[in-house]
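The block underneath contains the structure these notes are about, expressed in structure tokens.
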Amino acid sequence: MENIQIHGAEVIIKGVPAAPGIAIGPVYLYSKQAVRAHRKPIEAGEVGPEIERLRGAVVKAEKELRKIVEFAQQKLDPDDTKILEAQIMILGDAILMGTIEKRIRAELENAEFIVFDEISKYKRLMLSAQDEYMHERAHDVDDVMNRIMRNIQDQKLVSRLEGEAVIVSETLTPADTIIFSRNKILGYATDLGGVTSHAAILSRALKIPAVVGLRTVTRHVHSGDLVAMDGYSGVLIVRPSDETIQMLHRKASRFKEFEERLTEIVGLSAETLDHKHIELSANIEFSEEIPFLREQGSAGIGLFRTEGLLIGRTSVPSEDEQYEEYSAITNETFPHTVIFRVFDVGGDKLAPGSFHEENPFLGWRGIRVLLDREELFLTQLRALLRASTRRNVRLMFPMISTVEEIRRARRLVTRAQAELDSRKLAYDPGIKIGVMIEVPSAAMMADRIAAEVDFLSIGTNDLIQYLLAVDRDNTAVAPLYQQFDPAVLKTIKMIIDAGHQRNVWVGMCGEMAGDPLATILLVGLGLDEFSVIPSVLPEIKKIIRSVKFKQAKRIAEKAIGMTSPEEIRSYLSSIIKDQIPDIPLEP
Ligand code: PEP
Ligand code: MG
């Protein structure tokens, strides 16, 4: 594969940088389907529990197989169930199991590895025979091995994650990212995914370095292998040399120094050298992030992704539960404002229904779900309205593609208000309502949409994928996902101008707002608000404070006249290098 280079003992794999930072440590290979052996030395005192675990796993595997046999006997030919019975016999093979236990004691290695090693030997022997029947039986042996190993792993999943590790996986869902982040995770590396996949956004928010789109990383590592990951340039190195490790340590400290210097500007406002004030706020999904964003100097929250409330639950939280959550957030943020985006389910986020969608990004997503599930929407609206009494709450609708959707959503807000009136519950009657512009049809209609709302917020993550027809999660087309495509810039300009014509402020809460390379351009296009992940807040503020609005306008005009993303990128990076050389840009 062209994204892999071999350099001495090192395997260097190039992917997409998804969250900045350097991570050096052992791999934990996270696999939902395939079972793999994780080799780990054990202490003499751990032998007893390890053998207990092995025996427990064998008993469980046998029970599972007996259940399947029972079921199969009703449905299958008796001949076919013989294969399963043969598997049960392997589990009961005293010699094989005795050898495995003996090896655990003698070699002081974990049960799953010895199971893997011993049964693989058995399997190789069978495969080397010139007999088709024996080859078939080798697959049975494989099945048995996987079954035992999976059962051992299930019992050990929690304890294995107690150490520090770089999680390597084919793909990570937002829920995986959150669950893992509760452990000591050094970094994430995945085969699939793009920079704006939801899990990548979460890694950045959680300040965990991540590289995605590595294509085959899961096939090049085993659990326990040492890897070095560079989340700035999007590279993962398997078995890094001492030299590479030192180089990455130096890089990490260079970036850290830069970040420390930025703390000086935390308390300052985001305004240009010629005093144009820009609203700089944060994107968050969990209330746990609020103290961090305050440390980073954010005035308010420009995007609170409420669908985070639904992760890991089987039912939607009640109005009261939601109210508690939202009001805790508004109280903590007061006197600054919070823009709550109503549940944006579907697409790459939580599936809204149990049915399969061929193309979820073009499917039942965002406002479409909420307009179809009025009760779900009304419950959330009532909870949000009840949390708005301090008048620092704004509402935002995701995935708007027509004016009519806004009208229908607003009618439901009015209905939720009437319901609260009848219950004599207070809310902010003048609550401001805005929409995300993230679908090309909404961008085209931005002027008429602006007439219906109080603000617009550009969601570039989705807007770019729909505009350029490039799935934001698809590795195969990741290089085509270009936020500096001239078509993107023209569309952003059109939206900002349309909002301003209607005296409506225009913000951006897509990841582009947090890209230091885009800051001057966006200031120059007249963007009023930047909502970014908390980790990049000081850097973006520093750039805003280093330019004049007049100059930024000229730069934006020049950039928008160019014809390729490469040209635009190199123009913008030359300006940063000249004018704000201490911003560490990545190629
Ligand atoms: C966007 O699409 O730009 C956005 C901010 O929404 P999300 O990433 O949650 O889809
Ligand atoms: Mg979106």
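Positions are given from 1 along the sequence. Every number for a ligand or one of its atoms is a count from 1 in the order of the listing.
Using a 4.0 Å cut-off between charged nitrogen and carboxylate oxygen, Arg365 and Asp344 count as a salt-bridge pair. The existence of a salt bridge linking Asp372 and Arg368 is excluded, since no basic side-chain nitrogen approaches an acidic carboxylate oxygen closer than 4.0 Å. Using a cutoff of 4.0 Å between basic side-chain nitrogens and carboxylate oxygens, Glu271 and Arg545 are not scored as salt-bridged.
Here the N, O or S atom of Asp462 that is nearest to the Mg ion (ligand 2) is OD2. Glu438 has its closest N, O or S atom to the Mg ion (ligand 2) at the position named OE1.
Short contacts between ligand 1 and Glu438, defined as distances under 4.0 Å to a heavy atom of the residue, involve ligand atoms 1 (C), 2 (O), 6 (O). Of all atoms in ligand 1, listed by their number and element, those nearer than 4.0 Å to a heavy atom of Asp462 are 1 (C), 2 (O), 3 (O), 10 (O). Using a 4.0 Å cut-off to heavy atoms of Cys509, the atoms of ligand 1 that qualify are 5 (C). Taking a cut-off of under 4.0 Å to the non-hydrogen atoms of Leu303, the atoms of ligand 1 that pass are 5 (C).
Sorted by first and then second residue, the ring pair (Phe, Tyr, Trp, His ring centres under 6.0 Å) pairs with a member in residues 320-342 read Phe304-Phe340, Tyr326-Phe340; sequence neighbours excluded. Annotation: ring pair (Phe, Tyr, Trp, His ring centres under 6.0 Å) contacts involving residues 485-514, sequence neighbours excluded, comprise Phe455-Trp505.
Using a non-hydrogen distance threshold of 4.0 Å, Met436 registers as a contact of ligand 1.
In Arg341, the part holding a heavy atom less than 4.0 Å from any atom of ligand 1 is the side chain. Proximity of Arg365 to ligand 1, defined as any heavy-atom pair under 4.0 Å, is confined to the side chain (atoms from C-beta onward). With a heavy-atom cut-off of 4.0 Å, Arg472 touches ligand 1 through its side chain alone.
Considering OG of Ser531 and CD1 of Ile339, their distance stands at 6.5 Å, rounded to 0.5 Å.
In this pair, Phe255 and Tyr232 present their aromatic rings parallel. The plane angle is below 30°, not in the 30 to 60° band.
The two residues Val488 and Gln483 have their closest heavy-atom pair at CG1-O, 3.4 Å.
At least one N/O-N/O distance between Asn461 and ligand 1 falls below 3.5 Å.
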